[in-house]
Amino acid sequence: MIVFAPIIIPLLFIILSLSLNKASNAAQRIVFMAGNIITIGVGVTILATVLSEGMIVAQAGAWEAPYGITLVADTFSGIMLTLTSLTVGVVSLYSLAWKEDNLNTSVFYALIFGLQMGMNGAFVAGDLFNLYVWFEVMLISSFVLISYGSGKVQLKGTLKYVTMNLVSSFFFVAGIAVLYGEVGTLNMADLAYRVREMGSELNIFAPSALILMGFAVKSAIFPFYFWLPDSYHTPPLPVSALFSGTLTKVGVYSMIRFFSLIHVEGDVFYNQLFLFVASATMISGVLMATSQFEVRRLLSFHIVSQIGYMILGLGLFTKLALTGAVFYIIGHCVVKTNLFLLSGIGYKYTGTFDLKKSGGLIKKSPFVAILFFISAMALVGIPPLSGFFGKFMLIKAGIESKEFIHVASALAVSFLTLFSMIKIWNEAYAKDLPQSVLENGFKWGRPSNQLIVSSVILVVVTLGLTVGSKFIIDVCSTAADQLLDIDGYVKTVLKK
Amino acid sequence: MNAILLQLAARVIRVVMIIASVFVLFRGHNQPGGGFIGGLLAGGGIVVYVIAFYNHPLLSKTLRALAPMRVIGLILALGSGILGVLFGESFLHALWWKIELPLIGAIDISTPLIFDVGVYFAVIGVMVMVILLLMEDRKWS
């Protein structure tokens with residue numbers, strides 16, 4: 001029953017926020033934050049239940065799998081539910097203090113809950129078509145959110161975002177149709193069972209290729225990533241932060257879920273394809289990032305590059321690699337969101353996102369500089385911060401599987417990431433304000449404390465990942481075990 | 001501009017489309033149809049009416065009164081799922097009741113029907129909202 005909660009609670013709060021559109025601003029904010037806190041609570045409860053009692057399976061309307069709508073929560077889902085609801089919660093707190101772009105309206109709150117409902121639904125979906133539907137729920141909310149601001153720039157970004165995501169949805173649903181024609185079921189456990197029972201008779205290459213296209217666009221991997229840096233820097237900053245932390249992770253999650261269940265050893269998708277895509281994504285993303293001077297664009301290209309690490313875990317497909325990938329997803333989601341939030345704080349100080357025109361933040365606010373430094377180093381993977389553990393496990397797994405080329409590219413990309421982070425540090429924090437800016441009557445702005453508090457929460461979580469790394473890695477390795485134990489998944493869901 | 005012919009036709013079309021939409025809504029139980037299609041039909045009726053009577057002073061006020069239907073619809077749809085839980089079954093579990101009515105006889109009432117009615121209301125509510133926004137844009141209201 002608890003598996004329904006991550007879907008019902010946001011829906012309930014959509015209704016509440018919409019019906020409160022005439023209520024006072026304070027009441028709306030209280031409902032908004034209450035909804036976020038309850039959703040975080042639900043995520044944590046599900047994770048705790050899964051860890052103590054194993055996978056939770058629920059059938060909507062008591063129609064048994066594979067005929068009805070199945071909801072499944074395992075450790076990986078539990079981790080993602082907790083992680084995304086936490087990120088959304090912190091960004092919500094941040095957005096209340098943003099005070100620009102007309103964000104504080106009941107419609108905005110309803111859209112955030114809609115986004116959350118879509119993501120949560122995708123994490124617990126046990127059925128491929130249901131997954132598609134949740135993707136759509138998430139996308140439709142994000143279409144509106146990304147066009148907030150309604151300027152020329154926003155519309156340009158929105159157009160790319162909407163077009164690419166609609167095309168990818170088309171590929172996804174076409175793949176689902178072909179797969180249904182071939183295998184005769186869309187329940188993921190039943191799919192895994194049938195593919196293993198009569199693998200050689202089925203031709204699932206075409207549907208898998210189509211579905212991969214769908215996921216590839218949504219999670220922005222090579223060669224379909226170009227839409228992401230072009231559209232993520234246009235909406236209001238809280239929206240960019242939210243998207244960068246969570247949306248692509250949903251694509252990666254679905255990819256790991258689907259391809260770990262469907263693909264059998266010796267398959268085209270099993271290994272080499274993902275490894276190649278992972279390396280190409282990492283390298284192309286990071287190389288493009290080095291030439292950027294708009295801080296949000298720079299960070300967006302880094303999202304692409306780091307998606308590569310997660311795909312690397314799927315390509316290596318050993319227990320250690322998947323553990324590393326899951327840990328990396330956790331660390332990256334928190335850190336990347338925080339870097340966006342900090343660039344927003346920098347914007348409040350200097351009034352620009354352009355690195356060439358900003359500077360002097362370290363003297364203005366050493367505290368914010370420390371927050372940035374910790375997050376940036378965690379992203380690069382300097383021990384003992386969170387990025388290090390994920391990268392270490394992935395690279396160790398790569399060496400064990402003798403994939404030296406991909407290990408080398410992962411290491412090289414880390415150096416280039418460091419280069420980019422140092423660039424932001426130098427330009428925005430260390431150097432003095434350029435003379436040309438000072439001559440134009442520059443005035444320091446002041447971000448409200450609530451903005452800084454939100455960022456502090458995420459830094460505390462990042463440090464918590466270091467302090468509690470043993471526990472977190474144990475949880476991740478349980479998740480990896482469950483991902484590899486396909487028979488266990490099939491047995492629990494289908495009861496055979 | 002008042003297009004008399006259109007206004008005469010719109011009165012009839014509105015009634016026909018709303019009756020048809022209710023028919024489609026109930027038909028959807030076992031045959032093609034349902035809340036979504038029904039809601040769109042009703043919304044179409046409203047659109048025709050709005051185009052014919054766009055400069056009527058009370059029009060946008062009436063439409064504003066209809067706008068909360070989207071929230072009512074969502075509550076009905078969510079509530080039908082929660083009813084299943086309240087009766088000790090799983091979420092979205094279908095519950096059926098037979099009701100004897102004079103003249104008509106026995107009819108089936110079920111939670112899927114409540115869900116469909118919820119979708120019907122929500123679709124009409126959203127259509128009305130879209131119409132209102134377009135009217136604002138055209139400065140009709």
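Just so we're on the same page: letters track the sequence lines, and every chain starts at 1.
- Using a 4.5 Å cut-off between non-hydrogen atoms, no part of residues 36-46 of chain B approaches chain A.
- Interatomic distance, Leu12(A) CG to Ile82(B) CD1, rounded to the nearest 0.5 Å: 6.5 Å.
- Annotation for Phe53(B): atom CZ counts as buried by contact number, over 12 foreign heavy atoms lying within 6.0 Å.
- Contacts with chain B were tallied for Leu16(A), Ile8(A), Ile14(A); Ile8(A) has the most, counting heavy-atom pairs under 4.5 Å.
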What side-chain donor-acceptor pairs closer than 3.5 Å can you find for residues 41-51 of chain A, not counting sequence neighbours?
| residue | atom | partner | partner atom | Å |
| --- | --- | --- | --- | --- |
| Thr45(A) | OG1 | Gly41(A) | O | 2.5 |
| Thr49(A) | OG1 | Thr45(A) | O | 2.5 |

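- Between the CG atom of Leu74(B) and the CD1 atom of Ile15(A) there is a distance of 5.0 Å, given to the nearest 0.5 Å.
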Pairs under 3.5 angstrom only: tabulate donor-acceptor contacts from the side chains of residues 20-27 of chain A to other protein residues two or more places apart or in another chain.
| residue | atom | partner | partner atom | Å |
| --- | --- | --- | --- | --- |
| Ser24(A) | OG | Ala27(A) | N | 3.3 |

Without placing hydrogens or testing angles, list every side-chain donor-acceptor pair under 3.5 Å for residues 106-124 of chain A, not counting sequence neighbours.
| residue | atom | partner | partner atom | Å |
| --- | --- | --- | --- | --- |
| Asn120(A) | ND2 | Pro6(A) | O | 3.1 |

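- Neither the backbone nor the side chain of Ile69(A) comes within contact range of chain B; no heavy atom of the residue lies under 4.5 Å from a heavy atom of that chain.
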